[in-house]
Amino acid sequence: MADTKIAVRDLYKIFGEDPQRALAHVRDGMRKSELLEKHNHVLGLRDINVDMTDGEITVIMGLSGSGKSTLIRHLNRLIDPTAGEVRVNGENIMEYGAKRLRRIRRRDMSMVFQKFALLPHRTVLENAATPWIVEGRKKADYEAEATRWLDRVGLEGQGPQYPHQLSGGMQQRVGIARALTSNSDIMLMDEAFSALDPLIRTDMQDLLLELQKELQKTVVFITHDLDEALKLADHLVILKDGEVVQQGEPQHILTNPNDPYIVDFIADINRARVLRARTVMRPGTDAAGEASGQVDADATLEEVIAQAGGDTTPTFRVMQDGRQVGTLPMRDVVRALVPTAASDENTDRVA
Amino acid sequence: MATYDWVFDTLGLRGWCDGAGEGGAPMSMGDLLSQTGSQPERSVWQTPFPSMDALNDACTAFPQSREVTQGLEEAFLGVKDTLSYVLDPITQPLSWTLRWALEIFQATPWFVMIPLLAVVIFAVSRSVGLLAFVVGSLSALAFIDYYDYAMQTLAVIAVCAAICVAIGVPIGIAMSRSDRLQKVMIPVLDMLQTLPPFVYLIPLIFLFSVTEPKLYGIAIILYAIVPVVRLTNLGIRLVDPEVIEAADAFGMTDRQKLFGVQIPLALPNIMAGVNQTIMMSLAMVVIASLVSAPGLGVLVLRGIRNLELGVGLVSGLGIVILAVILDRSTKAALARVNAAQKN
């Protein structure tokens with residue numbers, strides 16, 4: 001298993017006049033609504049513990065007001081917590097002074113914003129080169145690097161334009177290029193695709209996955225869209241009212257939701273397109289004689305159903321790297337399409 | 001006798017009142033009138049407000065209201081020497097700059113000055129129409145021999161507006177970064193803006209010699225600096241918070257953020273402030289001609305004093321022309337800034 005890149009430990013955030021006093025109430029178990037009513041403080045985050053693994057995409061999902069944007073801003077300390085730690089590469093960044101903090105923001109993490117947040121008075125090239133310009137480098141130094149990343153995100157020849165001359169999707173490509181140009185290991189994406197229209201959003205998700213396959217960065221992605229979360233996530237964290245409701249491998253959360261909130265949430269998704277053969281299969285190599293074919297472990301149920309031609313009788317061998325890892329009767333496939341009620345199982349299976 | 005006699009009687013202060021005698025304040029017209037005849041009976045409806053003068057009627061030891069203004073005047077005269085001892089050397093460069101600018105603007109021959117202004121205006125506005133208007137209207141002013149006055153006015157405005165920007169923008173930036181400073185400054189700016197412009201002149205006349213250009217320079221700057229301070233503060237506060245967040249997230253220092261993000265993004269607002277500041281200095285330069293500010297204002301003043309209708313109207317029109325020139329060229333520059341960075 002890969003190393004933990006960012007570890008969030010016992011993180012609390014309370015907004016208001018006297019957060020420390022309110023913190024005591026929260027630790028005693030006061031709820032968000034009660035805290036607001038009695039003490040006029042807003043509970044942003046309560047007791048967050050998340051490990052973000054090196055080279056994976058961690059998606060933090062929740063509706064508006066769930067604290068997801070607050071959480072991601074703790075990772076580079078755009079917001080300081082009321083209590084708790086954020087460890088990056090094993091160091092608690094809460095202990096950093098202004099100078100160390102600036103350095104980690106320049107070298108180790110970059111950020112993509114929902115409304116792009118480009119500098120309107122600078123060209124696309126200069127925007128993409130922001131991390132280098134911040135370091136005081138000249139155009140001769142950064143031009144090649146920034147152009148390379150602009151080309152990589154599909155903006156060939158747009159360097160001399162100004163951001164307002166580009167469409168929303170292209171502006172966000174500049175935002176991504178800006179984050180990539182810093183060559184940092186960590187990329188924080190705050191609802192990066194939420195302001196884009198659906199077709200472009202899909203394009204951008206594909207672009208991100210493609211880049212991720214190549215670059216293996218530690219990506220923290222915030223979204224309110226479950227489909228997007230399931231598509232991108234290696235590790236999914238679901239927030240509600242500032243608390244983690246469930247976290248784990250997305251497939252596991254889908255089949256074992258532990259909270260009515262999540263059950264509601266996943267009720268509307270197209271399970272056939274999201275669930276994969278390895279999630280539904282019966283593990284083991286007992287070569288059932290009646291196996292009528294084989295499917296890849298990462299195939300979606302939609303693909304399995306297509307392969308069976310709609311027939312519910314056959315059983316497939318599930319293959320991974322040329323080896324059988326399980327069997328998959330079509331009856332299980334069909335059963336998996338019916339949404340599950342909240343299970344009592346609270347332990348998260350390690351992905 | 002007087003309406004409020006009973007106040008002093010009941011308080012037992014009658015002795016103090018009479019003890020002071022009549023020697024206190026100088027006699028007012030009212031006193032003289034009341035001595036000439038018996039006072040008419042007052043009905044309840046005519047009861048005066050218990051003002052200082054009304055109380056003085058009842059008790060001569062009580063100060064009259066004019067002593068308030070007189071006291072203020074005396075207090076000002078008391079600190080005047082110290083104040084001008086400090087302010088005189090500090091503000092002396094303003095006098096030098098104004099004299100120097102007036103000399104330059106007037107010494108430069110018209111066949112250099114008009115093309116030079118044309119080039120500057122074209123450089124900031126890139127508009128041929130504006131260029132033609134400026135050359136045409138300046139030539140027209142020169143044709144009726146108002147060129148020198150117009151140049152004096154321009155020189156004064158150039159110096160004062162430049163100083164307003166040089167001082168006002170940093171003050172605006174400081175205000176945008178500190179809520180406490182903003183709280184203190186806003187009433188001051190409100191006062192500067194609403195105080196009738198003539199009122200500025202009064203204390204300045206006491207402080208500085210009327211022959212010194214800085215006298216009107218300070219008056220113009222105080223009056224005209226308000227919009228550039230206000231709009232700089234506002235402009236920086238209105239910069240999209242997400243862009244500021246992005247600047248922080250990429251590890252910009254405060255300095256990089258200020259010069260690389262906040263000021264450039266606030267520039268449209270700052271430029272609008274500069275435009276207003278120039279317009280207000282033009283308004284003030286006319287009033288300041290009362291305290292020897294040279295230029296078209298002097299002619300306006302002459303028009304009023306000597307009832308020379310034609311002179312007054314034509315010089316007023318000249319000021320309008322200058323206003324249009326300055327306004328259009330700063331607005332054209334503003335439009336270019338806006339076009340370069342619309343979202």
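The basis for the numbers below is simple: all heavy atoms, side chains too, and nothing from hydrogens, waters or symmetry mates. In the text below, chain A, chain B and the rest are named by the order of the sequence lines, each starting its count at 1.
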Contacting region of Arg103(A) [heavy-atom separation from chain B under 4.5 Å]: neither

Contacting region of Gln165(A) [heavy-atom separation from chain B under 4.5 Å]: neither

Atom pair CG/CG of Leu101(A) and Asp248(B) - distance to nearest 0.5 Å: 9.0 Å

Backbone N/O of Phe113(A) and side chain of Glu242(B): donor-acceptor pair under 3.5 Å: no

Backbone N/O of Gly251(B) and side chain of Arg106(A): donor-acceptor pair under 3.5 Å: yes

NZ/Lys115(A): more than 12 non-hydrogen atoms of other groups inside 6.0 Å: no

Contacting moiety of Arg122(A), where chain B heavy atoms sit under 4.5 Å: side chain

Exam field: side chain His121(A) to backbone Val261(B), donor-acceptor pair closer than 3.5 Å: no

Met252(B) vs Arg102(A), side-chain contact (heavy atoms from CB on, under 4.5 Å): CA-CA, chis, key distance, verdict: CA-CA 7 Å; Met252(B) 286 196 192; Arg102(A) 269 205 302 276; over 6 Å; no

Gap between atom CD of Glu245(B) and atom CG of Asn76(A) - 0.5 Å precision: 8.5 Å

Other residues, nucleotides, ligands: >12 heavy atoms within 6.0 Å of Glu17(A) CD: no

More than 12 heavy atoms from other groups under 6.0 Å of CD on Gln193(B): yes

CD1 on Ile133(A) to CZ on Phe250(B), rounded to 0.5 Å: 11.5 Å

